[in-house]
Novice: 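Encoded as structure tokens, here's the structure I'll be asking about.
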Amino acid sequence: MQGEADVRPDDERPLSGLAFAVAGAGRVGASLARWAVAGGARLARVAVHRRRDRAEELVGDCAGAGNGAEIVPFDALASGDLDLLLVAVADPALDAVAGRLAERPQAAVVLHTAGARGASALAPVAANGSAAGTLHPLKAFPHVLADPAEARGVTFAVDGDEAACRLAERLARTWGGVPQRVPEAQRDLYHLAATLAAGGVVTMLTAAERVAGTAGLDPHVLGGYLELARGAVAGAGEALADQGSFASAITGPAARGDGDTVMRQLAALEAVSPALADLAAGVARQALAAIATAGRASDSHRQLLARLEARERASAGRPG
Ligand SMILES: NC(=O)c1ccc[n+]([C@@H]2O[C@H](COP(=O)([O-])OP(=O)(O)OC[C@H]3O[C@@H](n4cnc5c(N)ncnc54)[C@H](OP(=O)(O)O)[C@@H]3O)[C@@H](O)[C@H]2O)c1
């Protein structure tokens, strides 16, 4: 039943008629629930673990659109009368939560949001007749992202029973996202690649920060490195659009095959931080590998690779 306050036409409410519950009103659960409600779905129930305030905020924000949602403890959550149960709990809790949810009837479709796990994490609820699947937003949620526009262009990794995949794909498309089937067997490496693309990029910035620190540079230079990184990521986006790969956007002396500069800089860093020098050498090797895979390796790239391999052999022999 729709609320009186919600008078938008049906074409602005593509999820109209969908009733759902959310288990876990954290950053992801509270964001996706808001996006679903913005699409016309009805939030019926929110299960809380410890932070009732988060659930109250979510229910308060969704009120006025026919969403007088009930807040219940996890061990009382039943959603057998609903179309969807969205499970967005901390990864270490997922297996135990799935077992506890299976003690009561659950929704026709149950989706979890963990990137590294397949639909089998929900096996206990699937055994009770729910279609189980995943809806993993390939996006960082540093906090609740209330605006559904945040979903535009985001890839959502979908997996599981067919009915679950279909609903997950419908949600992703409604939000302007891009559903992508990622089967269970690929999940570990899918998630590792995501970690490299997000936390890995930021970790490289922290490495740049440490190298700049060892050189005694003014900390204001960090803003310059951030701007440089923004430009590099923008270039990677253009390379992907043009050539279907990031590789041609790699810049720097290794990408140019300038072996003398690479080896001189590594020696300078090695003198102050052998660990950072090993990291930088590994990054240079990865750049060369990507260039070779793209079929663009020249003699100077190959010579640099040989020098890096020789350095690695020498490093392996140095005292730890
Ligand atoms: N954050 C991201 O960038 C991101 C991106 C994509 C996918 N994900 C995935 O989305 C899921 C949720 O992540 P999140 O970032 O939203 O985490 P979060 O903000 O820390 O929220 C975690 C939720 O899990 C609940 N919870 C924790 N332990 C529990 C337990 N033992 N039993 C029941 N509920 C429990 C918490 O309840 P209380 O608050 O009451 O303790 C909270 O509602 C995870 O699978 C994560 O991998 C996260």
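Ligands are counted one by one from 1 in listed order, and the atoms in each one are counted from 1 as well.
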Novice: Run the numbers for me: atoms of ligand 1, each under 4.0 Å from some heavy atom of D91, listed by number.
Specialist: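 Close to D91: 44 (C), 45 (O), 46 (C), 47 (O).
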
Novice: Counting only heavy atoms, which portion of F141 has something under 4.0 Å from ligand 1: side chain, backbone, both, or neither?
Specialist: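 For F141, backbone and side-chain atoms both sit under 4.0 Å from ligand 1.
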
Novice: Find out if a path of hydrophobic residues (ILVMFWY) with successive side-chain heavy-atom gaps under 4.5 Å connects V89 to V48.
Specialist: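 They do not share one cluster, since no chain of ILVMFWY contacts under 4.5 Å joins V89 to V48.
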
Novice: Based purely on interatomic distance, does A25 place a nitrogen or oxygen under 3.5 Å from a nitrogen or oxygen of ligand 1?
Specialist: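 For ligand 1, there is an N or O atom that lies under 3.5 Å from one belonging to A25.
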
Novice: Does an N or O anywhere in H136 fall below 3.5 Å from an N or O of ligand 1?
Specialist: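 No.
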
Novice: If I apply the N/O under 3.5 Å rule, does G24 come out as touching ligand 1?
Specialist: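 No.
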
Novice: Under 4.0 Å from any heavy atom of V97, which atoms of ligand 1 are there?
Specialist: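 The atoms of ligand 1 under 4.0 Å from a heavy atom of V97 are 32 (N), 33 (C).
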
Novice: Between L101, T113, T134, flag the one that comes closest to atom 7 (C) of ligand 1 by a heavy atom.
Specialist: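 Comparing heavy atoms across L101, T113, T134, the nearest one to atom 7 (C) of ligand 1 lies in T113.
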
Novice: For S245 and A239, indicate whether the former's side chain and the latter's backbone hold a donor-acceptor pair under 3.5 Å.
Specialist: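 No, because the side chain of S245 does not come within donor-acceptor range (under 3.5 Å) of the backbone of A239.
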
Novice: Please identify which atoms of ligand 1 are closer than 4.0 Å to at least one heavy atom of P137.
Specialist: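 Contacts of ligand 1 toward P137, numbered from 1: 6 (C).
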
Novice: V89 versus ligand 1: do any nitrogen or oxygen atoms come within less than 3.5 Å of each other?
Specialist: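 Yes, V89 has an N/O under 3.5 Å of an N/O on ligand 1.
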
Novice: Main chain of S273, side chain of R210: is a donor-acceptor contact present, judged purely on distance under 3.5 Å?
Specialist: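 No; judged by distance alone, with no hydrogens or angles, the pair does not exist.
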
Novice: If you count the non-hydrogen atoms of other residues, nucleotides and ligands that lie under 6.0 Å from CZ in R152, is the total more than 12?
Specialist: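 Not buried by this count: 12 neighbours or fewer within 6.0 Å.
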
Novice: Tell me whether the count of non-hydrogen atoms from other residues, nucleotides or ligands lying under 6.0 Å of CD in E270 goes above 12.
Specialist: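 Check passes, neighbour count above 12.
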
Novice: Which one of F156, Y190, F141 satisfies the ring-ring contact (aromatic ring centres under 6.0 Å, His included) criterion with H136?
Specialist: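 The ring-ring contact (aromatic ring centres under 6.0 Å, His included) with H136 is passed solely by Y190 among F156, Y190, F141.
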
Novice: Are V211 and V262 linked, directly or through intermediate hydrophobic residues, by side-chain heavy-atom contacts shorter than 4.5 Å (ILVMFWY only)?
Specialist: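 Looking at the clustering, V211 is in a separate group from V262.
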
Novice: Salt bridge or not between D75 and R100? Use side-chain N to carboxylate O under 4.0 Å.
Specialist: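 Yes, D75 and R100 are salt-bridged.
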
Novice: Looking at atom 20 (O) of ligand 1, what's its closest protein heavy atom, distance included?
Specialist: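 Result: R27 NH2, 3.5 Å.
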
Novice: Got an N/O contact under 3.5 Å between A90 and ligand 1?
Specialist: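 It does: an N or O of A90 is found under 3.5 Å from an N or O of ligand 1.
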
Novice: Do the charged groups of D61 and R34 touch, with an N to O distance under 4.0 Å?
Specialist: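 Yes.
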
Novice: Taking 4.0 angstrom as the limit and counting only heavy atoms of K139, give me the atoms of ligand 1 inside it, by number and element.
Specialist: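 The list of qualifying atoms is 3 (O), 5 (C), 6 (C).
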
Novice: Which option out of R54, R117, H49 puts a heavy atom nearest to atom 26 (N) of ligand 1?
Specialist: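 Comparing heavy atoms across R54, R117, H49, the nearest one to atom 26 (N) of ligand 1 lies in H49.
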
Novice: Using distance alone, determine whether V28 and ligand 1 share an N or O pair under 3.5 Å.
Specialist: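 N/O-N/O distance below 3.5 Å exists for this pair.
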
Novice: Report, in ascending order of atom number, the atoms of ligand 1 lying under 4.0 Å from any heavy atom of A114.
Specialist: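 Counting atoms of ligand 1 from 1, those under 4.0 Å from A114 are 45 (O).
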
Novice: Counting heavy atoms only, which of P73, A23, A88 comes nearest to atom 23 (C) of ligand 1?
Specialist: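 It is A88 whose heavy atom sits nearest to atom 23 (C) of ligand 1.
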
Novice: Between R42 and D83, does any NZ, NE, NH1 or NH2 come within less than 4.0 Å of an OD or OE carboxylate oxygen?
Specialist: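 Judged by the 4.0 Å cut-off on N to carboxylate O distance, D83 and R42 do not form a salt bridge.
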
Novice: For A140, counting its heavy atoms only, list the atoms of ligand 1 lying under 4.0 Å from any of them.
Specialist: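 Close to A140: 3 (O).
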
Novice: Ligand 1 and A93, any nitrogen or oxygen pair closer than 3.5 angstrom?
Specialist: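 There is no such contact.
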
Novice: If you measure from the Lys or Arg side-chain nitrogens to the Asp or Glu carboxylate oxygens, is any gap between E169 and R166 under 4.0 Å?
Specialist: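 Salt bridge between E169 and R166, a charged N being under 4.0 Å from a carboxylate O: no.
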
Novice: Return the closest protein heavy atom for atom 21 (O) of ligand 1 as residue, atom name and distance.
Specialist: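 Of the protein heavy atoms, G26 CA, 3.4 Å lies nearest.
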
Novice: Would one find more than 12 heavy atoms of other residues, nucleotides or ligands at under 6.0 Å from atom CZ of F246?
Specialist: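 Counting other residues, nucleotides and ligands, CZ of F246 stays at 12 neighbours or fewer.
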
